[in-house]
Amino acid sequence: MERRDKESDKEQENLSRLERAAQQTADPKTMQQKAKKPEKEFRFSLRKEDIWWTVSFAGAALLLFGIQVLVNWRLEWLDAPSRLRVLNYVRGGLLIFTMLTVAKVVEVFLIGRIPNRVARFNLKRIFRLVVVAAIVFVAISVLFVNWYGAVVSLGLISLILGFALQMPISSFIAWIYILARAPYRVGDRIRIGDAHGDVIDVSYLDTTLWEFGGEYLWTDHPSGRIIKFPNSTVFDTPVFNYSWPLFPYVWNEIKFQLAYESDLEFVARTMREVVEEQIGDIMSQKVKVYKHILSETPVDELEVKEHPVVHFRVSENTWLEAIVRYLVPPKEAGRTKTRLIKEMLARMNAKPDRVLFPKSNLR
């Protein structure tokens, strides 16, 4: 069992290395070479602006601490009510700047040492949000109520809002999940439920897609509409991502109906030649990457051809169907299919004695 777990961890690490390499190059040989090379050791660097902000926050905290000591030392300067109010403000400011100092140290020296750039960015974003929420709580407690009353009030308000805002809270948690697990990123083409589109924004509560296709279009052309859905949708709806960096391609098909008397060898050869001329080299390279991915996983390697394949099958009517399958970037599927169909038809129509298409008044 332990051996199996180690093998699974190794396979996952290999896939992660391949995915990081795929974000740098599209050439399969270069990709595999980058994945096999030892990754460059991450070097932590301290920026001058980080030092400046840390020293500034710490200096402000020390200044407020000095004011607090001075007010407590010179009691005769202020009357009792004014002194309590000033001390309350000074302590609140002292706590805020102390929190900012600690937060900056944590962000620079702890989060800043994380080698993964994406994880580092996402963790900083979440950490800053937590710090801002804590500062807002301190500011409200200082300005309006004492600490005990603030804690009790916040607890009651949180209990009430917890029931009233279940969906937004769930969407916020889903936002953290999206950042951590990356089922999709900005720029990816995805399908989730009935929504199809390219991700243009992932905010705290919802995701925005630039729709493609839709009810008025049958191609993958943008419809001009945007789609918004709550982030919590990812918890109960499958996400189909067409833009995985390691293999951002999908298989597509072109289908023609032919008479039984057609020269099937000529048809198959013509369809293959057209696809080979247009996208043959790219398809061959990407299928090699696909096979390599499968070889690094527990999934059995499927019989995937590196070149376009033509299949024939009997249609539901009295015709044969000639189907060519090829690999294409999802965002170029419509344009590629149109270009291939035009060229295939031109070549097959040039040989009407060898390619017989259905003819009917109904067509």
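Positions are given from 1, in the same order as the sequence printed here.
Distance alone, capped at 3.5 Å, places no donor-acceptor pair between the Asp188 side chain and the Tyr184 backbone. Under a 3.5 Å cut-off, the side chain of Ser56 and the backbone N or O of Trp52 do form a donor-acceptor pair. Within the 3.5 Å criterion, the main-chain N or O of Val186 finds no donor-acceptor partner in the side chain of Asp201. Put simply, the side chain of Thr101 gets close to the backbone of Phe97: a donor and an acceptor are under 3.5 Å apart.
Taking both residues in full, the closest heavy atoms of Val309 and His311 are given as CG1-NE2, 3.3 Å, listed atom of the first, atom of the second, then distance. Closest approach of Gly93 to Leu64, counting heavy atoms only: C-CD1, 3.2 Å. In this structure, Thr336 and Tyr326 approach most closely via the heavy-atom pair CG2-CE1, 4.2 Å. What you find for Val324 and Met344 is that their closest heavy atoms are CG1-CE, 3.9 Å. Nearest heavy atom pair, residue Phe127 against residue Ala103, reads CE2-O, 3.4 Å. The nearest pair of heavy atoms linking Met271 to Ile323 is CE-C, 4.4 Å.
Between Phe57 and the options Leu62, Leu100, Thr98, a side-chain contact (heavy atoms from CB on, under 4.5 Å) holds for only Leu100.
Here Arg347 pairs with Glu277, Glu343 under the side-chain hydrogen bond (donor to acceptor under 3.5 Å, both in side chains) rule; sequence neighbours left out.
Relative ring orientation between Tyr177 and Phe235 is described as tilted, the plane-to-plane angle lying within the 30° to 60° band. Between Trp175 and Tyr204, the ring-plane angle classifies as perpendicular under the 30° and 60° cut-offs.
Other residues sharing the hydrophobic cluster of Ile200, ordered by chain and number and joined by side-chain separations under 4.5 Å: Trp210, Ile226.
Lys351 has its side chain within reach of Asp353: a pair of non-hydrogen atoms, C-beta onward, lies under 4.5 Å apart. Between Asp263 and Val355 the shortest side-chain heavy-atom distance does not fall below 4.5 Å.
For Lys337 and Glu253, the salt-bridge test fails: no basic side-chain N is under 4.0 Å from an acidic carboxylate O.
Thr54 and Lys104 form no side-chain donor-acceptor contact under 3.5 Å, judged by distance and modelled atom types alone.
In this structure, Arg191 forms no cation-pi arrangement with Tyr242, as its terminal cationic atom is not both closer than 6.0 Å to the ring centre and no more than 45° off the ring axis.
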